[in-house]
Participant: 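First, the structure itself, so that you have it in front of you.
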Number of protein chains: 2
Amino acid sequence: MMRVAIIDLGSNTARLVTLAYEPHQSFHLLDELRQVVRLSEGMQGTNIIQPDAFERGIGALVSFRSYCDAAGITNIQATATSAVRDAVNGDAFLRAARKRARLELRILSGEEEAYYGTLAVANSLPVDDALVLDIGGGSAQLSLMRNREFMRGQSWPLGAVRLTERFLQSDPPKKKEVRALTKHVTQAIGTFETSGRSLPLVGMGGTIRNLADMYHKQQSYPLDLLHGYFLSKAALEATLQDLLGKTLSQRRDIPGLNSDRADIIIAGALVANAFLEHTGAPGILISGQGLREGLFYPYLLPDLQPPLLPDVRAFSVQNLTKRYYDNPAHNEHVRKLALELFDQLTPLHGYGPFERDLLSAASRLHDIGMAINYYDHHKHGFYLAVSETLPGFTHREHIIIALLIRYHRKGKPDTAPLAMLLEPDDHGRVMKLAALVRLAEYLERSKAQLVKGVRCHLSDSLLRIEAIADARTDAHICVEVQETRRRTDLLEQAYGIRVEIATA
Amino acid sequence: MMRVAIIDLGSNTARLVTLAYEPHQSFHLLDELRQVVRLSEGMQGTNIIQPDAFERGIGALVSFRSYCDAAGITNIQATATSAVRDAVNGDAFLRAARKRARLELRILSGEEEAYYGTLAVANSLPVDDALVLDIGGGSAQLSLMRNREFMRGQSWPLGAVRLTERFLQSDPPKKKEVRALTKHVTQAIGTFETSGRSLPLVGMGGTIRNLADMYHKQQSYPLDLLHGYFLSKAALEATLQDLLGKTLSQRRDIPGLNSDRADIIIAGALVANAFLEHTGAPGILISGQGLREGLFYPYLLPDLQPPLLPDVRAFSVQNLTKRYYDNPAHNEHVRKLALELFDQLTPLHGYGPFERDLLSAASRLHDIGMAINYYDHHKHGFYLAVSETLPGFTHREHIIIALLIRYHRKGKPDTAPLAMLLEPDDHGRVMKLAALVRLAEYLERSKAQLVKGVRCHLSDSLLRIEAIADARTDAHICVEVQETRRRTDLLEQAYGIRVEIATA
């Protein structure tokens, strides 16, 4: 695995992330350091990075450099955004970074920020066309993505730190202050063309993540992941009202809100709300990935321009199997058998590509829990599957895949605790698909690809499944047939049919 | 990693386990196949393995052989116990196994069964002296272990299948039948010398595990592990009464009881109860390891005779770190710093070797959750820690270690959900020890061993901790000092003292 460090010096927060990756194959986050630097503090009016803020920023860079030196990471990309970009003493800051932290800071333009944010969305969310909103400490960006490509973007000096300083002096803010800020933002956004009112709005950055996290925590949402979470207009409105009624010290105790962001969150929420109004979207689809991940994709996909994953879902699945338990021959064979069963049983289930795709992904992932323990590896697999984002899949799809992993060996699917994320008929869908993964798994019990295929014969109330072994292995599929025969109960229950397992 | 398959053909169940191992270093279970063969069915009176049972037994061996062939495992140890040992047609069975399954069955004597069971206990439970009880389908063994060595053992034809056939015809069994069985067992055990009444009784085998699991599930026991679980005399009695009031078909639905064991569980429970009476122990300490693991230890520890792990706890910890996330330099250094803090703060906490050992183990294990994800790796680490047995530690110790992992980065320890396993003052213990792991972790934030040691200065209400860097690295411990300063809250709370972090 190769390693890279991405440093992102924002107007509110400085972050270092280190990632391990194998180009085009897989990656994962190794570590993250975060420091609240408030680089733009006091810049309002003067456009000068103030001495204290200057020192905090350089201090963060010095410590990040020291971390990289200690960890032996030489591959470093360090970037700065709005505060340094806009400051009249930005050059002095760059020189200090070079001299004291030995870092060459790359200053991103507003459009570059927008571009990299869009790249993160295109590589991790199941949307091809969207408006992408990134609210930072100093600026906010809105971009138009069409067919996963960045079309155009604009940056406004509408960051949460900046607007708090300018508009919100009272604690809690007065109505008058809120109105003035909102008016300012609405006027600034002006006539940015959102290409019709039908595009989903994707949101990223610490402010939006925190807003989503606050509501997410209140809701007992069954998936502890923000990436792919949908924060509705009503939810944002409720969160905003909640915030407006609280003092700073009360806001510091809100679950889901970083206490060091409690002072600037109201300005951020007002900006988010104004963009939501402007675009007419029904809510914000949250992206857990943002600028830093966008800056990383050129490393992961060095030969692609733009660096877009050819198939986000396939990459997601591969990334998980590589991380946990990779027995490609077995996983691929379970997938092959499960899909053969799926295709031959179409008259029974009537499902199409949506279900076939989920079955395919779950078949590849079914054994990831083996990384923890053979015993209960179906339960461990569920835990692992819901502990990770699954870029490219919706939360509903993600949960269905996790449930197929959970029930690939035994047990009767219990979908009730996850109902919030499912459609009414998903229980039957999980029953029917889990039955197929389970059958495929036991038909491949020796993990040696002995059963070459299946032939299903349907008659009245009997489903006869023949396991096909080639001549060489014929004598050896007794484990498969015996074990499969003991696991037909879910199949019988899900499809309401008697099942017989035979050798061809 | 090397691989070995252990086959254990019991009177009730045939099992194949495959294990991956690196001699003296680590091991884990790869797979398990289980078939209920009821080899001793109908042997009562005739001592002949009946034709159907014979075929079931050979069939299981043929499928296990086929599994090994498919998996490419050539290192196989296949053993048989009571049924084959006692049968007049045992030789014919051995020949059939050789011819049809290409397996050389090793017939274990009753004493050998007892020996290997004891070996499993000595290598996995925190007891040096114990009586070890193994109840099988055909026979039951009781052994005396002193100072982790097998002293002597005896085998009786008191297996659960055998006794069910002989005594329990009615459904549910009549009182008369129960009395007759109990009398028979008590007489058979007779005068086996248990060396005083103070030794703990350790129990193993499917029957005892199922009895424990039934009660364990009723209890909402906070740790989902049977190895190391204590089934009290009263709990066994309650379970037995519950079983006696139910018909076979009702017993099939009891959570924790394998449905294919529902017919023989009552006989098994009566045998367990009789041994408990005989030994005078207050209950049964459950061993999740048994004969198969005992047979495996000679592979893991090829140069040791007897194959006893020199330090069970150290091995446990090492086995987990090797499995999940091994950064030995970092883990060892966090351990070193945590123990330095522990030793220098003795006047504040007054703890001794018990706490020092747990702190040491938790320091080595603190990062295992990184195997799942950097984000929330403290939570993932807790999940991993409680998903695995931790041989050599009691459940209380195991939970304390898991809690130290859980709180090594942030959060205030919540021990309430685990109170069933803890002593009243363990909450304070976890607070105080977690504060030390946390401090050590942040003093080693760059994972590069930059802080060489600590010096604690105590005065009135102030604890001043100096981070010592050697001259070469002095300039670089700014990450460590900054990050540690932000994480002193738990330390201050746990010890009721103000904390200052300084460089030496």
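Keep in mind that the numbers below use all heavy atoms, side chains included, and drop hydrogens, waters and symmetry copies.
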Participant: Do A:Tyr374 and B:His28 have side chains that approach each other closer than 4.5 Å (heavy atoms only, starting at C-beta)?
Facilitator: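 No, their side chains stay 4.5 Å or more apart.
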Participant: Can you measure from CG (B:Asn373) to OG1 (A:Thr389) and round to the nearest 0.5 angstrom?
Facilitator: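 One finds 8.0 Å between CG of B:Asn373 and OG1 of A:Thr389.
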Participant: Let me confirm one number: the CG-CG distance from B:Leu225 to A:Asp376, rounded to the nearest 0.5 Å.
Facilitator: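 So the gap between those two atoms works out to 9.5 Å.
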Participant: Below 4.5 Å from any heavy atom of chain B, which atoms of A:Leu384 appear? Answer side chain, backbone, both or neither.
Facilitator: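 Contact with chain B involves the side chain of A:Leu384 alone.
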Participant: Could you look at A:Ala60 and say if it's the side chain, the backbone, both or neither that has a heavy atom under 4.5 Å from chain B?
Facilitator: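 A:Ala60 has no heavy atom closer than 4.5 Å to chain B.
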Participant: Output yes when B:Arg445 and A:Asp31 qualify as a salt bridge under the 4.0 Å nitrogen-oxygen rule, no when they do not.
Facilitator: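 Here B:Arg445 pairs with A:Asp31 in a salt bridge, since their nearest N and O are under 4.0 Å apart.
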Participant: Under 4.5 Å, counting heavy-atom pairs only, tell me which of A:Ala448, A:Gly59, A:Ser63, A:Ser387 racks up the most with chain B.
Facilitator: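 Highest number of heavy-atom pairs under 4.5 Å: A:Ser63.
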Participant: Considering only heavy atoms, which portion of A:Gln482 lies under 4.5 Å from any heavy atom of chain B: side chain, backbone, both, or neither?
Facilitator: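 Only the side chain of A:Gln482 comes within 4.5 Å of chain B.
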Participant: Name the orientation class of the two ring planes belonging to A:Tyr383 and B:His380 (parallel below 30°, tilted from 30 to 60°, perpendicular beyond 60°).
Facilitator: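 Perpendicular, since the angle between the ring planes exceeds 60°.
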Participant: Counting heavy-atom pairs under 4.5 Å with chain A, which one of B:Glu32, B:Glu388, B:Lys447 comes out on top?
Facilitator: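 Heavy-atom pair counts peak at B:Glu32.
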Participant: Please determine, among A:His377, A:Lys379, A:Met370, the option with the most heavy-atom pairs under 4.5 Å with chain B.
Facilitator: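 Most heavy-atom pairs within the cutoff with chain B belong to A:Met370.
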Participant: Just so I know, are the side chains of B:Arg34 and A:Glu483 near enough to count as touching, which here means a heavy-atom distance under 4.5 Å?
Facilitator: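 No, their side chains stay 4.5 Å or more apart.
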Participant: Spell out, as yes or no, whether a donor-acceptor pair under 3.5 Å connects the side chain of A:Tyr324 to the backbone of B:Ile372.
Facilitator: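 Pair found, side chain donor or acceptor close to backbone of B:Ile372.
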Participant: Can you tell me how far the CD1 atom of A:Ile477 sits from the OG atom of B:Ser66, to the nearest 0.5 Å?
Facilitator: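 It comes to 9.5 Å.
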Participant: Around A:Lys217, counting heavy atoms of other residues, nucleotides and ligands shown, do more than 12 lie under 6.0 Å from its NZ?
Facilitator: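 Yes, enclosed.
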